[in-house]
J.: 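Handing you this structure, nothing more for now.
Just so you know, residue 1 is the first one in the sequence shown, and it goes up from there.
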Amino acid sequence: MAKDPKFTAREITQIGWYTARMAKRGIGGENVHLGDLQKKVDRIIDGARDREAQQAADQAEAEKAARKARAKNHRK
């Protein structure tokens, strides 16, 4: 499985909330459906991965722009 991304405080809270709801449902027995809550947790994790990838791309673009600006200023 892929490494989990860094979660924001909101994402940690949401995952904790859904995990607690799954545990509460689990008390009801083995035949209780948990798929809907598991999908919500998976969606949160996928969103965090997308956010982290976007932040990495934005940071790389900013570094490239900064290098270009330094090179331009150095020539003058």
Side-chain angles (χ1 to χ4, degrees):
M1 184 172 165
K3 182 180 170 234
D4 286 338
K6 273 190 148 179
F7 295 110
T8 63
R10 177 182 177 169
E11 291 164 344
I12 291 170
T13 304
Q14 286 178 323
I15 290 172
W17 174 256
Y18 291 133
T19 303
R21 286 182 61 193
M22 282 189 264
K24 187 175 178 182
R25 282 190 191 177
I27 293 171
E30 292 181 19
N31 297 329
V32 178
H33 180 66
L34 300 175
D36 59 330
L37 296 175
Q38 290 170 342
K39 285 180 186 176
K40 288 180 181 185
V41 170
D42 290 341
R43 233 185 337 253
I44 292 168
I45 294 170
D46 291 341
R49 283 190 187 118
D50 292 344
R51 175 186 41 78
E52 216 172 53
Q54 183 62 44
Q55 285 176 343
D58 291 347
Q59 184 178 1
E61 188 176 329
E63 289 173 359
K64 183 178 177 182
R67 281 194 308 270
K68 188 175 181 180
R70 280 194 304 267
K72 186 176 180 181
N73 290 336
H74 188 275
R75 287 186 220 151
K76 289 182 177 183

J.: To check you understand the geometry: which heavy-atom pair defines the closest contact between Glu52 and Lys6, and what is its length?
T.: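 So the two residues come closest at OE2-N, 2.9 Å.
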J.: Tell me yes or no: between the side chains of Gln54 and Asp58, is some donor less than 3.5 Å from an acceptor?
T.: yes
J.: Any chance you could measure Arg10, atom CZ, to Gln14, atom CD, to the nearest 0.5 Å?
T.: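 Here the rounded value is 5.0 Å.
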J.: If you measure from NZ on Lys39 to OH on Tyr18, what distance do you get to the nearest 0.5 Å?
T.: 14.0 Å
J.: For Met22 and Leu34, which heavy atoms make the closest approach, and how far apart are they?
T.: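 Heavy atoms only, the tightest pair is O-CD2, 3.8 Å.
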J.: Counting only heavy atoms not in Gln59, do more than 12 sit closer than 6.0 Å to its CD atom?
T.: no
J.: Less than 4.0 angstrom from a charged side-chain N to a carboxylate O is my criterion; do Asp46 and Arg49 meet it?
T.: yes
J.: As an exercise, state the distance from CD1 of Ile45 to CG of Asp50, rounded to the nearest 0.5 Å.
T.: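 Output value for this atom pair is 12.0 Å.
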J.: Side-chain contact test, heavy atoms from C-beta onward, threshold under 4.5 Å: evaluate it for Val41 versus Leu37 and give yes or no.
T.: no
